[in-house]
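Heads up: numbering here begins at 1 and tracks the sequence.
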Amino acid sequence: MNAKPKREPPQAAQSSSQETQPLVPISSWTSIAIGITTYVFEESEAAIRQSGLVPEWVSYPAERPGNGIAVPANHAFPSYLKLLRLESGRLRLVIDVRTVLMGDSRFQRFLGGLTADASLSLVRRESV
């Protein structure tokens, strides 16, 4: 029998492909008071930094659980953002959905393809 050894990709290749994965929200939250819908993420500080969702000028909360910061919408960053340090050491990021969608190029291409499709009808029972 000629058994061939399995070829496994190098670890570096696997880790770099994981780094480019977008963050996945664990939930969403809508505030009627301030009129926004937000995504809630719970990730490591490194993953949130690499995602690019939080501007570089925003300081991260201290290492102690329960510490947090909130950035109200302003001229430099027109979206709501909140970071909270969890007991596990991870961060909870609450951020305006519009900010996440603007930075998601795959979603933008998907949405652009949908809106550019003249044969697609989003109205039920509409003749094409």
Side-chain angles (χ1 to χ4, degrees):
M1 225 191 294
N2 292 335
K4 293 183 181 179
K6 282 178 148 179
R7 291 188 182 187
E8 294 182 22
Q11 285 294 77
Q14 286 179 346
S15 64
S16 66
S17 66
Q18 290 173 352
E19 291 171 1
T20 59
Q21 293 295 320
L23 300 181
V24 177
I26 61 166
S27 67
S28 62
W29 170 76
T30 300
S31 170
I32 296 171
I34 57 177
I36 63 167
T37 299
T38 63
Y39 279 147
V40 179
F41 300 94
E42 287 185 4
E43 295 287 344
S44 67
E45 183 172 333
I48 290 176
R49 285 183 186 272
Q50 289 175 353
S51 73
L53 291 175
V54 179
E56 290 184 20
W57 52 265
V58 172
S59 60
Y60 282 71
E63 293 295 322
R64 209 170 73 226
N67 286 338
I69 58 110
V71 178
N74 60 60
H75 68 283
F77 187 70
S79 298
Y80 172 82
L81 174 139
K82 183 166 85 173
L83 285 167
L84 175 68
R85 180 80 56 190
L86 303 174
E87 291 213 10
S88 64
R90 294 162 59 97
L91 288 173
R92 176 176 293 144
L93 168 63
V94 181
I95 188 167
D96 192 326
V97 168
R98 295 170 293 189
T99 302
V100 176
L101 295 180
M102 285 187 301
D104 188 343
S105 59
R106 288 189 295 181
F107 176 76
Q108 293 298 325
R109 283 192 302 276
F110 168 73
L111 185 60
L114 279 179
T115 57
D117 188 349
S119 66
L120 178 67
S121 172
L122 299 177
V123 180
R124 192 174 186 172
R125 295 190 183 109
E126 179 182 336
S127 61
V128 180

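Transitive grouping of hydrophobic side chains (ILVMFWY, heavy atoms separated by less than 4.5 Å) keeps V24 and V94 in distinct clusters. Put simply, Y39 and I69 are part of the same group of oily side chains (I, L, V, M, F, W, Y) that touch within less than 4.5 Å, one to the next. Residues I26 and W29 share a hydrophobic cluster, clusters being chains of Ile/Leu/Val/Met/Phe/Trp/Tyr side chains in contact below 4.5 Å. One hydrophobic cluster, built from ILVMFWY side chains closer than 4.5 Å, holds both V71 and V54.
Taking CD from E43 and CG from L86, the interatomic distance works out to 11.0 Å, rounded to the nearest 0.5 Å. A distance of 6.5 Å separates CD1 of I48 from OH of Y60, quoted to the nearest 0.5 Å. We find the OG1-CD1 distance between T38 and I95 to be 9.5 Å, quoted to the nearest 0.5 Å. Atoms CG and OG1, on D96 and T37 in that order, are 8.0 Å from each other to the nearest 0.5 Å.
For the pair P55/L81, a side-chain contact is recorded, criterion being any heavy-atom separation below 4.5 Å from C-beta on.
The only option from R90, Q50, R85 that meets the side-chain hydrogen bond (donor to acceptor under 3.5 Å, both in side chains) definition with E45 turns out to be R85.
S59 and L83 make their closest contact through O-CD1, 4.5 Å (heavy atoms, listed as atom of the first residue, atom of the second, distance).
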